[in-house]
Amino acid sequence: MNSPLYIVWNKKQTISVPILDDQHHAIVAAINSLYFFINQGWGLSALSPTLKVIKSNVGFHLKTEEGILEKLGANYKIMLKHSEIQNAFNINADGAAQQAINEQDPMILLKFLRDWWETHHFKTHAEYQQYLSSISVPDDDL
């Protein structure tokens with residue numbers, strides 16, 4: 001195994017909203033667990049149960065974001081796009097998993113998950129920044 005982690009979490013990735021940061025860390029941990037299982041020789045048998053955990057974490061996270069955005073008065077366009085993100089994630093994750101099984105290559109799913117994570121974390125959150133930056137968090141909670 002070249003690295004014990006597929007995605008390395010660091011403090012630079014925080015968005016300063018503790019609940020969302022915790023959920024982001026959980027998503028990364030679940031993706032890294034899949035990577036670990038595959039590298040331990042569990043192969044494709046690890047895909048289904050681990051993908052369920054990842055999808056659950058992502059779904060829970062997106063619902064939390066949705067609630068925060070709604071409470072902060074995000075416009076209809078942002079809310080609609082956010083709903084589309086969740087639907088697309090589930091469809092595309094299932095498609096990547098099926099392709100990984102068909103091609104006997106679990107890295108297909110891992111690459112999809114990493115690409116999704118990077119897009120969500122670095123691009124999507126940039127689009128929400130005007131809303132997320134309005135959340136006040138006491139310094140001792142960071």
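The figures here come from the full heavy-atom set of this structure, side chains too, leaving out hydrogens, waters and symmetry mates.
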Undergrad: Taking the six-membered ring for Trp, are Trp117 and His120 parallel (under 30°), tilted (30 to 60°) or perpendicular (over 60°)?
TA: tilted
Undergrad: Assess whether atom CZ of Phe122 is packed by more than 12 heavy atoms of other residues, nucleotides or ligands within 6.0 Å.
TA: yes
Undergrad: Roughly how far apart are Asp22 CG and Ile27 CD1, rounded to 0.5 Å?
TA: 11.0 Å
Undergrad: Quick one, Leu110 with Tyr6, criterion side-chain contact (heavy atoms from CB on, under 4.5 Å). Give me CA distance, side-chain angles, the key distance, then yes/no.
TA: CA-CA 8 Å; Leu110 281 169; Tyr6 190 63; 3.8 Å; yes
Undergrad: Once rounded to the nearest 0.5 Å, what's the spacing between atom CD1 of Ile108 and atom CD of Gln98?
TA: 11.0 Å
Undergrad: Hey, are the side chains of Leu113 and Phe89 touching, using non-hydrogen atoms and a 4.5 Å cut-off?
TA: yes
Undergrad: Is there a donor-acceptor pair closer than 3.5 Å between any side-chain N or O of Asn57 and the backbone N or O of Gln23?
TA: no
Undergrad: Out of curiosity, Thr50 OG1 to Phe37 CZ, how far, rounded to the nearest 0.5 Å?
TA: 5.0 Å
Undergrad: If you measure from CG on Leu51 to CG on Asp94, what distance do you get to the nearest 0.5 Å?
TA: 6.0 Å
Undergrad: Please say yes or no: joined through hydrophobic side-chain contacts below 4.5 Å, possibly via intermediate residues, are Leu80 and Leu62 part of one cluster?
TA: no
Undergrad: What are the two closest heavy atoms between Ala100 and Pro106, and how far apart are they?
TA: CB-CA, 4.0 Å
Undergrad: Restricting to non-hydrogen atoms, name the atom on Ala93 and the atom on Phe112 that form the minimum distance, rounded to 0.1 Å.
TA: CA-CE2, 3.4 Å
Undergrad: Are the aromatic rings of Tyr128 and His82 close, with centres under 6.0 Å apart?
TA: yes
Undergrad: Determine the interplanar angle of the His121 and His24 rings, folded into 0 to 90°, and report it as parallel if under 30°, tilted if 30 to 60°, perpendicular if over 60°.
TA: perpendicular
Undergrad: Under 4.5 Å between side-chain heavy atoms, counting indirect links through other Ile/Leu/Val/Met/Phe/Trp/Tyr residues: same cluster for Leu72 and Leu20 or not?
TA: yes
Undergrad: What is the distance from atom CD of Glu127 to atom OG1 of Thr124, rounded to the nearest 0.5 Å?
TA: 5.5 Å
Undergrad: Grouping I, L, V, M, F, W and Y whenever their side-chain heavy atoms are under 4.5 Å apart, do Met79 and Ile85 come out in a common cluster?
TA: yes
Undergrad: What pair of heavy atoms forms the shortest contact from Asp21 to Ser16, and how long is it?
TA: OD2-N, 3.1 Å
Undergrad: When hydrophobic residues are tied together by side-chain contacts of less than 4.5 Å, even through go-betweens, does Ile15 share a cluster with Val28?
TA: yes
Undergrad: Any sub-3.5 Å donor-acceptor pair from Ser56's side-chain atoms to Lys52's backbone N or O?
TA: no
Undergrad: So, taking the atom named CG in Leu34 and the one named CD1 in Ile54, what distance separates them when rounded to the nearest 0.5 Å?
TA: 5.0 Å
Undergrad: Under 3.5 Å, side chain of Gln99 to main-chain N/O of Asp105, donor-acceptor pair present?
TA: no
Undergrad: Do you reckon Ile19 sits in the same ILVMFWY cluster as Val58, going by side-chain contacts under 4.5 Å, direct or chained?
TA: yes
